[in-house]
Amino acid sequence: MSPPTPRLRRALLVLTTALAALLCALAPLPAAAAGPADTELADTAPAAGDGPADWTARPAGGGADRDARPYVYLEGTPGTALQDRLAVTNSGRAPLTVRLRGGGRAGAWIGFAADTVTVPARTRAEVPLALTVPPDAVPGDASGEVVADGGDEEIRVPVRVRIGGPTLAALTVEDVEISDGTIRYALVNRGNAMLEPRLAVRADGMFGTLLDRPERPLPLELAPGRRVERTEPWPDAPALDAVTVRLRVTAPGGARDEAAASATYIPVAPAVGGGLLVLGGLALLGSGAYRRRRARRGDPEPPGAESADDRQPTTETRPLVKAGPLVKAGAES
């Protein structure tokens with residue numbers, strides 16, 4: 001295959017430059033900064049008493065301070081039955097019928113003296129409940145809720161149970177990812193104790209530390225077996241660097257874990273445009289090397305190619321030879 005002619009090489013160079021400029025103009029703008037920190041994807045139960053203004057449900061025996069018992073708290077060993085009461089207050093002007101049920105792990109262990117209770121207007125009713133800890137329950141903390149359904153509205157009362165026996169605090173951080181100025185990760189409670197995790201974040205690049213956030217408490221309680229996906233914003237991530245991000249999580253009781261992820265940041269537009277220009281330059285260099293190799297070997301130039309001799313004027317003259325008739329030598333007859 002013959003190498004491209006000078007005109008074709010110039011046309012290829014112009015086309016490559018135009019394509020690089022077009023790609024630079026069409027490159028997307030940098031992504032906007034991520035949202036607020038510590039966004040928890042898992043749902044959390046409302047505090048006890050949240051609901052309509054004309055009735056409430058909360059643990060009984062709170063005294064004058066209505067927030068003295070924000071949730072039901074019970075302690076016992078496997079196989080024991082624990083007692084408590086739920087207070088339903090109807091401050092409206094009509095009777096109220098409420099249906100009760102348990103939710104969550106500990107909520108499945110709850111039984112009520114009556115699953116449905118009707119409370120007269122401006123009256124408070126207390127419903128006994130019993131929570132039976134399964135004989136095979138693992139020592140540690142368990143959580144659930146009591147759901148009071150008033151028809152149009154529901155009130156959820158949190159339930160916390162401490163099961164006697166040896167406890168194990170174990171926590172892992174998993175699935176760390178870096179993208180669009182955001183660090184994504186997951187926390188998993190691998191033990192049998194309720195955990196309140198703390199997080200520290202560090203990012204190191206080729207030329208030093210880029211991010212160093214000291215350990216701080218996270219606004220969540222992680223129940224045994226629970227997995228929560230979270231995000232950590234990093235709006236000032238570098239534009240050009242090779243980065244390693246390390247997350248360290250701890251919790252009371254000796255729970256501790258670390259995980260890391262790496263990412264390489266390269267500007268999209270300059271990389272594409274520069275790559276095309278480099279390709280164009282390599283094509284020109286390859287064509288020139290091919291022509292020089294053919295010249296050293298004495299190969300004839302391909303049709304249409306110009307040589308150095310064709311471009312240089314010359315003063316050399318050669319004699320003009322005029323053709324004449326051909327005479328055969330020999331003796332005349």
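Given the structure is predicted, the values throughout are model-derived calculations rather than measurements.
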Stepwise, does the side-chain contact (heavy atoms from CB on, under 4.5 Å) test hold for Leu211 with Val245? CA-CA 8 Å; Leu211 181 67; Val245 173; 5.9 Å; no
side-chain contact (heavy atoms from CB on, under 4.5 Å) between Arg227 and Glu229, intermediate numbers included: CA-CA 7 Å; Arg227 173 189 173 93; Glu229 295 181 354; 4.1 Å; yes
With side-chain contact (heavy atoms from CB on, under 4.5 Å) as the criterion, how do Leu220 and Arg230 come out once you've worked through the C-alpha distance, each side chain's angles and the decisive distance to 0.1 Å? CA-CA 11 Å; Leu220 68 94; Arg230 301 182 62 84; 2.9 Å; yes
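Counting heavy atoms from C-beta outward, Ser91 and Asp54 have side chains that approach closer than 4.5 Å. Counting heavy atoms from C-beta outward, Val133 and Thr77 have side chains that stay 4.5 Å or more apart. At a threshold of 4.5 Å between non-hydrogen side-chain atoms, the residues Phe112 and Val146 count as touching. Pro238 has its side chain within reach of Leu210: a pair of non-hydrogen atoms, C-beta onward, lies under 4.5 Å apart. Residues Asn90 and Thr123 have side chains not in contact (no heavy-atom distance under 4.5 Å, counting atoms from C-beta outward). No side-chain heavy atom of Leu131 sits less than 4.5 Å from a side-chain heavy atom of Asp84. You'll find the side chain of Val159 stays beyond 4.5 Å of the side chain of Trp109, heavy atoms only.
Cluster membership check: Leu100 shares its hydrophobic cluster with Val119, using side-chain heavy-atom separations under 4.5 Å among Ile, Leu, Val, Met, Phe, Trp and Tyr. Both Leu218 and Val201 are assigned to one and the same hydrophobic cluster, defined by single-linkage of ILVMFWY side chains at heavy-atom distances under 4.5 Å. Cluster annotation: Val147 and Val157 are assigned to distinct hydrophobic clusters (Ile/Leu/Val/Met/Phe/Trp/Tyr, side-chain heavy-atom contacts under 4.5 Å, transitive). Met194 and Tyr73 sit in two unconnected hydrophobic clusters of ILVMFWY residues. Membership requires side-chain heavy atoms under 4.5 Å apart, directly or through other members. Linking ILVMFWY side-chain heavy atoms closer than 4.5 Å, directly or via other members, places Leu96 and Val117 in a single hydrophobic cluster.
In terms of heavy atoms, Val98 sits closest to Trp55 at CG2-CZ3, 4.1 Å. Nearest heavy atoms, Thr118 versus Pro95: CG2-CB, 4.4 Å. Listed here is the closest heavy atom pair of Leu171 and Pro197: CD2-CB, 3.9 Å. The heavy-atom pair separating Ala203 from Trp234 by the smallest distance is CB-CH2, 3.7 Å. The two atoms that bring Ser262 and Thr244 nearest to each other are OG-OG1, 3.3 Å, heavy atoms only. Here the closest non-hydrogen pair linking Thr167 and Gly140 is CG2-CA, 3.8 Å.
With a 6.0 Å radius and a threshold of 12 heavy atoms from other residues, nucleotides or ligands, Glu126 has its CD atom above the threshold. Enclosure of atom CZ in Arg99 is not indicated, since only 12 or fewer non-hydrogen atoms of other residues, nucleotides or ligands lie within 6.0 angstrom.
Asp204 and Thr209 form a side-chain donor-acceptor contact under 3.5 Å, judged by distance and modelled atom types alone.
In this structure, the separation between CZ on Arg85 and CZ on Arg58 is 14.5 Å, given to the nearest 0.5 Å. Atom CD of Glu154 is separated from atom CG of Asp149 by 4.5 Å, given to the nearest 0.5 angstrom. Here the CG atom belonging to Leu82 is positioned 7.5 Å from the OG1 atom belonging to Thr132, to the nearest 0.5 angstrom. Atom-to-atom distance recorded for Arg190:CZ and Arg226:CZ is 14.5 Å, nearest 0.5 angstrom.
When each of Val173, Asp175, Leu247 is paired with Leu187, the side-chain contact (heavy atoms from CB on, under 4.5 Å) condition holds for Val173 and for no other.
Side-chain atoms of Asn189 come within 3.5 Å of backbone atoms of Ala223 as a donor-acceptor pair (strictly under, hydrogens ignored). One N or O on the side chain of Arg69 and one on the backbone of Ala60 form a donor-acceptor pair closer than 3.5 Å. Proximity of a side-chain donor or acceptor of Thr231 to a complementary backbone N or O of Ile183 within less than 3.5 Å is not detected. Without hydrogens or angle criteria, Asn192 side chain to Pro139 main chain gives a donor-acceptor distance under 3.5 Å. With hydrogens and angles ignored, the 3.5 Å screen pairs a side-chain donor or acceptor of Asp241 with a backbone N or O of Met206. Between the side chain of Thr80 and the backbone N or O of Pro78, no donor-acceptor pair lies under 3.5 Å.
Between Glu196 and Arg198 there is no salt bridge, since none of the side-chain N atoms of the basic residue sits less than 4.0 Å from a carboxylate O of the acidic one. A salt bridge between Arg216 and Glu232 is present, with a side-chain N of the basic residue lying under 4.0 Å from a carboxylate O of the acidic one. For Arg202 and Glu258, the salt-bridge test fails: no basic side-chain N is under 4.0 Å from an acidic carboxylate O.
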